[in-house]
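Each ligand, and each atom within it, is numbered from 1 in the order the structure gives.
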Amino acid sequence: MASSDRPTAAISHVYRGTFIHSTQETAVQILENALLGVDTDGKIAFVEKGEDLDRLSSMFGFSPSEVTQLTQHEFFMPGMVDTHIHASQYSYAGTALDMPLLKWLNTYTFPVEYHFKDLEFANKVYTQVVKRTLRNGTTTACYFATIHTDASLLLGQIANDFGQRALVGKVCMDRNNAVKHYKETIQESQEETCRFIAELLNKKYPLVKPVVTPRFAPSCTGALLGQLGAIAKNNHLHIQSHISENVEEVKLVKELFPDSESYADVYHKYNLLTDKTVMAHGCYLSDKELDLFRETGASLSHCPNSNISLCSGMLDVRNVLNHKVKLGLGTDVAGGYSASMLDAVRRALDSSKVLTIQNPDYDTLNFEEVFRLATLGGSQALSLDDQIGNFEVGKDFDALRVNVAAPGAPIDVFQCEEPKILLERFLNLGDDRNIVEVFVAGRKVAPFTEPTE
Ligand code: GUN
Ligand code: FE
């Protein structure tokens, strides 16, 4: 436990009870009867033992009577980080899972995304996806929008209005023969990306930032990939895309980029693998490609629901971790049918168990490790771990207040159970009814107060 030497901002809230989070060394660290103070900037001012209440209250200038006490079945955990979600595809989530990736994109995805030129439709879908993910505990989301700049800007505005931390990407694609108007010229893609970045940054939203978003190598010419790499570099921006999700896709990339040694090499050649890059999937990456990820600092987003739903492949998470590649979890709506990160946690565990069925010597992931992937791992994958991911002093207070025994929720608790058991039950059985409050940068963002016009 630690506290900063000298308080800077005033304390706005103090909570007392159980806090569960991950550190670099420990997948699940449990702090019982702890006191956590949040300052008026939304940052964690102290995390200390409950017995130190009197000392802390005089040091930080709050009254012990203002402390919020958690109940027996409650705990705080860090907000979850969805490292890969297509906000536009939320409009058809839970349907259209009967085709492999490339056919699925041409048949369902591109025609739907094309409709986001209609701002009214975009407004409806984007409002719902932000609300749905927030109330399910996604405090940070890394979003793909569509190729439409104004609708993508609207997604940024909606995330800001509801108080969600977000990276928002206007999708770039100058190659697509399946849906006639759903592509850009290289010049449009480059100019609109620059306009998107400039206009979003100009809004000065504290928690919402642009991310350079080439859809994936098959949708982009090498020339466009090169321009996007340069834009990201010159503006120090995040980058997101897809890599090695499905066998047919990997084969197509070989045909389209015959001069590149591997799929990862295509992106590397165009300066798209950086320490602010997150690539979804990576099921078929070689060890050499994983080494390239580690060397460049690029990360992977593991999207197990999508990998199963589109019959794409199985990511060997243990091998990724052994290569020391940064890794988070993603829902990949709508290739993944659920927008909830709790689903991503469960599918990640299931997938690891399937690998164990196939090879009994496989080093199966445990729930503690997957909890870390959903929180601290995600923050690392998005290079935001200096701001979020766990309850370290100085980080923003992005947190979920979980009540495992919340009335009407799907968990029956029969006795007083230890915190680690409560966490395990929540991860395996819980849903949004157990997430009684959601905080981003110290501000309560769920249950909602609808943003004012
Ligand atoms: N690869 C390129 N675009 C997409 C997409 O929208 N979803 C998934 N799952 N993979 C992709
Ligand atoms: Fe995706």
Side-chain angles (χ1 to χ4, degrees), residues 82-116 125 129 133 141-148 152 155 167-179 182-184 189 211 213-220 224-225 228 239-253 256 263 266-267 272 277-285 299-315 328-339 341 344 347 381-382:
D82 188 341
T83 56
H84 185 82
I85 171 166
H86 298 260
S88 48
Q89 296 172 21
Y90 184 63
S91 52
Y92 67 99
T95 69
L97 300 167
D98 56 345
M99 287 177 191
L101 176 67
L102 300 179
K103 208 170 161 204
W104 175 84
L105 285 171
N106 291 340
T107 309
Y108 303 117
T109 308
F110 296 155
V112 169
E113 289 194 12
Y114 178 63
H115 283 301
F116 282 74
V125 177
V129 74
T133 54
C142 188
Y143 285 119
F144 275 61
T146 61
I147 66 171
H148 311 97
S152 305
L155 173 58
L167 293 171
V168 177
K170 177 209 110 51
V171 173
C172 295
M173 46 195 283
D174 66 341
R175 248 203 292 227
N176 169 26
N177 296 324
V179 173
Y182 196 54
K183 75 170 172 187
E184 314 156 290
S189 194
V211 45
T213 306
R215 173 165 221 119
F216 69 156
S219 294
C220 301
L224 177 59
L225 292 176
L228 296 175
I239 297 167
Q240 64 177 347
S241 192
H242 300 86
I243 194 166
S244 283
E245 177 176 359
N246 145 306
V247 170
E248 215 186 335
E249 170 213 9
V250 175
K251 188 162 159 268
L252 179 59
V253 169
L256 292 172
Y263 200 157
V266 173
Y267 291 133
L272 289 164
T277 295
V278 58
M279 289 282 168
H281 307 291
C283 303
Y284 299 98
L285 292 174
S299 66
L300 280 174
S301 171
H302 176 35
C303 305
N305 188 319
S306 171
N307 290 343
I308 298 164
S309 293
L310 300 183
C311 299
S312 297
M314 301 290 288
L315 179 67
L329 296 184
T331 58
D332 194 23
V333 165
Y337 55 77
S338 171
M341 282 293 291
R347 299 290 87 81
L382 299 183

Give the atoms of ligand 1, by number and element, whose distance to some non-hydrogen atom of D332 is under 4.0 Å. 8 (C), 9 (N)
Side-chain contact test, heavy atoms from C-beta onward, threshold under 4.5 Å: evaluate it for M173 versus F216 and give yes or no. no
For H281 and N246, does a side-chain donor sit closer than 3.5 Å to a side-chain acceptor? no
With a 3.5 Å cut-off and no angle check, do the side chains of T146 and E113 form a donor-acceptor pair? no
What atoms in ligand 1 come closer than 4.0 Å to a heavy atom of L101? 8 (C), 10 (N), 11 (C)
Measure from the Fe ion (ligand 2) to every N/O/S atom of H84 and report the name of the nearest one. NE2
Taking both backbone and side-chain atoms of W104, is any N or O found less than 3.5 Å from an N or O belonging to ligand 1? no
Measuring from the Fe ion (ligand 2), name the closest N, O or S atom belonging to D332. OD1
The atoms of ligand 1 lying under 4.0 Å from a heavy atom of H281, numbered in the order shown, are 9 (N)
So if I apply the side chain to side chain contact (heavy atoms under 4.5 Å, CB included) rule between E248 and each of L101, L102, V253, which one comes out positive? L102
Is it the case that Y263 and E249 place a side-chain donor and acceptor less than 3.5 Å from each other? yes
Using the rule side chain to side chain donor-acceptor pair (under 3.5 Å), only one of S306, S309, S338 pairs with D332; which is it? S306
Between the side chain of Q240 and the main-chain N/O of A280, is any donor-acceptor distance below 3.5 Å? no
Specify the protein heavy atom at minimum distance from atom 3 (N) of ligand 1: its residue, its atom name, and the distance to 0.1 Å. R215 NE, 2.8 Å
Is the Fe ion (ligand 2) less than 2.8 Å from at least one N/O/S atom of H86? yes
Closest non-hydrogen protein atom to atom 10 (N) of ligand 1, residue and atom name please, with distance? E245 OE1, 2.8 Å
If we check side chain to side chain contact (heavy atoms under 4.5 Å, CB included) with Y284, which of these qualifies: I243, L315, V247? V247
Numbering the atoms of ligand 1 from 1, which are under 4.0 Å from a heavy atom of F216? 1 (N), 2 (C)
Does ligand 1 have an atom that lies less than 4.0 angstrom from a heavy atom of E249? no
